[in-house]
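Quick notes on the structure that follows.
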2 protein chains.
Amino acid sequence: MAEGNGRPDLAAMTGRLGRALAAAEVPVLRAHGLSMWAYVVLLALDEGPVRSQSALAEAIHADKTRIIGVLDDLQDRGLIERVPDPGDRRVRLLSITAEGRRLRDAAQAAVQEREERLLSRLTEEERATFLRVLQDLHALPWEDLAGP
Amino acid sequence: MAEGNGRPDLAAMTGRLGRALAAAEVPVLRAHGLSMWAYVVLLALDEGPVRSQSALAEAIHADKTRIIGVLDDLQDRGLIERVPDPGDRRVRLLSITAEGRRLRDAAQAAVQEREERLLSRLTEEERATFLRVLQDLHALPWEDLAGP
DNA sequence: TATTGTTATACTCTATAACTATA
DNA sequence: TATAGTTATAGAGTATAACAATA
C-alpha cells in the first residue's frame, strides 16, 4: 500500500542532494589536486587571515587535529602561509597566498560550472528563488537550523 | 581581503543544511525509540513490502550487512515482519506492521513539525517554490545529480 | 598552571571476506 | 556451483588522550 500523500522530509531531500553534489565535487577538486578539506580550508582563508589553527578548525567545523596534515600539504605546495605569531609564538598565523587564491578560484569556477548543469533544469524564477532561499538559510547560525 | 562576489557552492549550502536537519532529526527520532537507519527502513517498507534484504539495502543505499542489526531490532519490537519466502527459503519477505506504520507516522509527523519551524521563515511563494524544486531534484536519479 | 600545536591512541562507522543454509 | 543472509575481520575517518613548546 503506497502512501503518496505528504512530502518527503526536508532532511532526506537536502541530505541526499548535498551528498550527491559533494560526490560530484570530489573528482573536480581532485583534478585541481585538492581534497575536500583542502578546498574548505582555502575557502575559509580566502575570507581573510586566521590567527590560529584552532580558530580555523572551529570555523570550518573540523577537529583541530584533523586539519594539521591538510595545512602541512597546503604549506608545502605554497598555497598557504603558516608563520608563528611574533607576539605569541605558540599560535600560527594562517593566510592564503596569491597562488592559493588562483587555485581556489579555478577550482570553484569548475565546481560551480558543473552545478550549473543541475540548475539549468529550473526556470529563471525557480532558480532565483531557490538560490536566494538556500543562501538565506545557509547564512543562519547552526543552532537556528539544528535547534537547541 | 574579503571576497563577497559570487555565491557559495551549491554543495556547501545543501550539505550544511542537510547535516543540520539530520542533526535536528536525531533527538526527535530517539524520542520515538528509532535510530536514523531504523527510520529509513520503516520509510522504505511503508511504500510496499520488499522481497529481500539485499533489495532493501540497495533501495536505501546501505550495505546489506549494515541493516541486519536494524532489522533484528525492528522485528523484535513487532514493527516489521520478516518471514522466509516459501518459494525460496533463502530470501526474507519484509513488510511493515500496523504498529510499525503507527510509529513511523508519529515519528515523521514530529520530524516535519520541527522542520516547519525553519520553513516558517519563508514567504508563501518562497516556500512553495523551494519545496517544489527540492522535490523535483530529489526525484532525479543519482547519476543526474552526481554526474558520471 | 594554562594554551597552541603536534603526535599517539582509541573509537565509530562502514565495507570486505569468510561462513552457513538453501537452491 | 551460485545466491541470501549472517558473522567475523579489516579498513577509513574521526575524536580523545598524552606530549612538547611557549606563555
Side-chain angles (χ1 to χ4, degrees), chain A residues 11 15-16 18-20 22-23 25-27 29-30 34-41 44-45 49-76 79-95 142 146, chain B residues 11-12 15-16 18-20 22-23 25-27 29-30 34-41 44-45 49-76 80-95 142 146:
Chain A
R16 181 171 123 101
R19 284 188 299 274
E25 198 167 293
V26 167
L29 293 179
R30 195 171 45 194
L34 291 174
S35 68
M36 184 65 79
W37 280 116
Y39 182 58
V40 170
V41 165
L45 289 182
V50 172
R51 212 190 92 80
S52 81
Q53 296 181 187
S54 299
L56 174 63
E58 190 178 13
I60 62 179
H61 305 102
D63 193 275
K64 65 170 180 172
T65 66
R66 202 157 80 189
I67 62 172
I68 292 177
V70 176
L71 296 177
D72 288 345
D73 179 59
L74 289 174
Q75 183 180 24
D76 287 348
L79 302 172
I80 67 167
E81 257 192 327
R82 177 161 61 159
V83 300
D85 182 343
D88 182 345
R89 295 216 305 282
R90 290 175 304 181
V91 321
R92 306 276 176 271
L93 303 175
L94 304 169
S95 56
W142 180 266
Chain B
R16 181 171 124 102
R19 283 189 299 275
E25 198 167 292
V26 167
L29 293 179
R30 194 171 46 195
L34 292 173
S35 69
M36 185 65 79
W37 279 117
Y39 182 58
V40 170
V41 165
L45 289 182
V50 172
R51 210 190 93 81
S52 81
Q53 296 182 187
S54 299
L56 173 63
E58 190 177 12
I60 62 178
H61 306 102
D63 193 276
K64 66 171 180 175
T65 66
R66 202 156 81 191
I67 61 172
I68 293 177
V70 177
L71 296 178
D72 288 345
D73 180 59
L74 290 174
Q75 183 182 23
D76 288 348
I80 66 167
E81 258 193 327
R82 177 161 61 160
V83 300
D85 182 345
D88 182 344
R89 294 216 307 282
R90 291 175 303 181
V91 322
R92 307 274 177 272
L93 303 175
L94 304 170
S95 56
W142 180 267

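Naming: A, B, ... by sequence-line order, numbering from 1 per chain. Keep in mind it's a predicted model, so treat the numbers as computed, not measured. Below, each value reflects all heavy atoms present in this structure, side chains not excepted, and no hydrogens, waters or symmetry copies.
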Report task. Might you work through the side chain to side chain contact (heavy atoms under 4.5 Å, CB included) test for R16(B) and H61(A), ending with a clear yes or no? Result -> CA-CA 10 Å; R16(B) 181 171 124 102; H61(A) 305 102; 4.1 Å; yes
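- Considering only residues two or more places apart in sequence or on other chains, R51(B) meets the side-chain hydrogen bond (donor to acceptor under 3.5 Å, both in side chains) condition with D85(B).
- For dT3(C), the OP1/OP2 oxygens have no side-chain nitrogen or oxygen of S54(A) closer than 4.0 Å.
- Rounded to whole Å, the distance from CG on L94(A) to C1' on dT6(C) is 14 Å.
- Counting to the nearest Å, the P atom of dG5(C) and the CD atom of E58(A) are 12 Å from each other.
- Here the P atom of nucleotide dT7(D) and the CD1 atom of I68(B) are 7 Å apart, to the nearest Å.
- The side chain to side chain contact (heavy atoms under 4.5 Å, CB included) search around A23(A) returns W142(B), A146(B), not counting sequence neighbours.
- Considering every non-hydrogen atom in both S52(B) and A55(B), the closest pair reads OG-N, 3.0 Å.
- In this structure, R92(A) and P84(A) have side chains that are in contact, with non-hydrogen atoms separated by less than 4.5 Å.
- Atom CD of Q53(A) and atom P of dA21(D) are 17 Å apart (whole Å).
- In this structure, A44(A) and I60(A) approach most closely via the heavy-atom pair CB-CG2, 3.7 Å.
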Between the protein and nucleotides 20-23 of chain C, list every N/O to N/O distance that falls short of 3.5 Å.
from	atom 1	to	atom 2	distance (Å)
dA23(C)	OP1	R89(B)	N	3.2

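- For L56(A) and dG5(C), the CG to P distance is 10 Å, given to the nearest whole Å.
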Tabulated below should be each protein N or O lying under 3.5 Å from an N or O of nucleotides 15-18 of chain D; please produce it.
from	atom 1	to	atom 2	distance (Å)
dA15(D)	OP2	R66(A)	NH1	2.3
dT16(D)	O4	T65(A)	OG1	3.4

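- Between M36(A) atom CE and dT14(D) atom P the separation is 11 Å, expressed in whole Å.
- For the pair L93(B) and P86(B), the tightest heavy-atom approach, listed with the atom from each and the gap, is CD1-CD, 4.3 Å.
- Here the P atom of nucleotide dA23(D) and the CZ atom of R92(A) are 10 Å apart, to the nearest Å.
- Rounding to whole angstrom units, CH2 of residue W37(B) and P of dT12(C) are separated by 18 Å.
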Side-chain donor-acceptor contacts of residues 62-76 of chain A below 3.5 Å, not counting sequence neighbours, with atom names and distances?
from	atom 1	to	atom 2	distance (Å)
D63(A)	OD1	T65(A)	N	2.9
D63(A)	OD1	T65(A)	OG1	2.7
D72(A)	OD1	R82(A)	NH2	2.4
D73(A)	OD2	R77(A)	NH1	3.2
Q75(A)	OE1	R82(A)	NE	3.2
Q75(A)	OE1	R82(A)	NH2	3.2
Q75(A)	NE2	R82(A)	O	3.4

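- Using a 4.0 Å heavy-atom criterion, one finds that R82(B) contacts the sugar-phosphate atoms exclusively.
- With sequence neighbours left out, R90(B) forms a side chain to side chain contact (heavy atoms under 4.5 Å, CB included) with D88(B).
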